[in-house]
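Encoded as structure tokens, here's the structure I'll be asking about.
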Amino acid sequence: MKITLNRINDDFLFECTNSQGNSILLDNTSQPGAKGVSPMESVLMAVAGCSGIDVVSILKKQRQEITDFKAEVEGERIPVEDAKPFKSVKVKFLLEGNIDPKKALKAAQLSFEKYCSVSKTLEPTVEIGYEVFVNGEKVD
């Protein structure tokens, strides 16, 4: 796996491109007029994307009918010397459709405990939590 990063203005705007030519923009979001996401926001996006792919894949294999899928991810940061790494990350999955709530919860559990490489990368130093909602109801 390889990406390239190219600076595309005189400040902090970078384009990151993968080997297939797909790209995202990274920027210093503490500056006015930022045109990309911050690197730390991209980490949260990666958790959402990785776990989202897992959950959708598992539920599709179980023939669950997903009509809408969203994830909200929040990260809590703590100062460590001059950096501010994540202390915790919480993911909220919001699913709509003809979905067995227990299967949705199990899919999220499998993602974070077994499959999601992004959360597994963070796990040694970051507390990862999740909640699942199906058709507006929290699944316990």
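Keep in mind that the numbers below use all heavy atoms, side chains included, and drop hydrogens, waters and symmetry copies.
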Closest heavy-atom contact between Glu15 and Thr17?
->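 Looking at all heavy atoms of both residues, the closest pair is CG-OG1, 3.8 Å.
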Non-hydrogen atoms of Ser111 and Asp54 that approach each other most closely | OG-OD2, 2.9 Å
Would one find more than 12 heavy atoms of other residues, nucleotides or ligands at under 6.0 Å from atom NZ of Lys102?
->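 Count not over threshold, so no.
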Contact check, side chains of Asn9 and Phe14, non-hydrogen atoms, under 4.5 Å = no
Rounded to the nearest 0.5 Å, what separation is found between the NZ atom of Lys60 and the CD atom of Glu65?
-> 11.5 Å
Can a donor-acceptor pair be found between the side chains of Glu96 and Thr67 at a distance below 3.5 Å?
-> no
Mind checking whether Ile53 and Ile99 sit in one hydrophobic cluster, side chains of I, L, V, M, F, W, Y counted as touching below 4.5 Å?
-> no
Write down the atom of Leu105, the atom of Tyr130, and the distance for their closest heavy-atom approach.
->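 Of all heavy-atom pairs spanning Leu105 and Tyr130, the closest is CD1-CE1, 4.2 Å.
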In Å, rounded to the nearest 0.5 Å, how long is the span from CZ of Phe86 to CD1 of Ile128?
->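 Spacing of CZ (Phe86) from CD1 (Ile128) equals 9.5 Å.
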Looking only at heavy atoms, which two atoms of Leu26 and Cys16 are closest? And how far apart?
->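 Nearest pair, atom of Leu26 first, then Cys16: CD1-SG, 3.4 Å.
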If you measure from CZ on Phe133 to CG on Leu95, what distance do you get to the nearest 0.5 Å?
->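 One gets 11.0 Å once the value is rounded to the nearest 0.5 Å.
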Drop me the distance from Leu44's CG to Glu74's CD, to the nearest 0.5 angstrom.
->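 Result: 9.0 Å between the selected atoms.
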Starting at NZ of Lys70, measure out to CG of Leu94 and round the result to the nearest 0.5 Å.
-> 7.5 Å
With sequence neighbours left out, what residues match Glu127 under side chain to side chain contact (heavy atoms under 4.5 Å, CB included)?
->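 So Glu127 forms a side chain to side chain contact (heavy atoms under 4.5 Å, CB included) with Ser88.
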Going from NZ on Lys84 to CD1 on Ile78, what distance comes out if it is rounded to the nearest 0.5 angstrom?
->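 Rounded to the nearest 0.5 Å, the NZ-CD1 separation comes to 12.0 Å.
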Between Leu13 and Leu25, is any pair of side-chain heavy atoms under 4.5 Å apart?
->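 Contact flag for Leu13/Leu25 side chains = yes.
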Val37 and Ser42: which non-hydrogen atoms are nearest, and at how many Å?
->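 So the two residues come closest at CG2-CB, 4.2 Å.
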What about Ile3 and Ile24, same hydrophobic cluster or not, with Ile/Leu/Val/Met/Phe/Trp/Tyr joined at side-chain heavy-atom distances under 4.5 Å?
-> no
Please answer: with hydrophobic residues joined when any side-chain heavy atoms are less than 4.5 Å apart, are Val55 and Ile66 in the same cluster?
-> yes
Do Lys61 and Ile58 have side-chain heavy atoms sitting under 4.5 Å apart?
-> no
Would Val73 and Met40 show up in the same hydrophobic cluster when neighbours are defined by side-chain heavy atoms closer than 4.5 Å?
->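 Cluster IDs for Val73 and Met40 match.
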Give the intermediate values and the outcome of side chain to side chain contact (heavy atoms under 4.5 Å, CB included) for residues Arg77 and Lys87.
-> CA-CA 5 Å; Arg77 297 172 70 181; Lys87 173 186 177 187; over 6 Å; no
Decide whether Val118 and Val89 are clustered together by the hydrophobic rule: side chain heavy atoms of Ile, Leu, Val, Met, Phe, Trp, Tyr closer than 4.5 Å, transitively.
-> yes
Measure across Gln64 and Asp100 and return the closest heavy-atom pair with its distance rounded to 0.1 Å.
-> OE1-N, 2.7 Å
Only counting residues at least two apart or in another chain, list the ones meeting side chain to side chain contact (heavy atoms under 4.5 Å, CB included) with Asp140.
->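 Here the qualifying residues are Lys138.
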Give the ring-plane orientation class for Phe93 versus Phe69, where under 30° counts as parallel, over 60° as perpendicular and anything between as tilted.
-> tilted
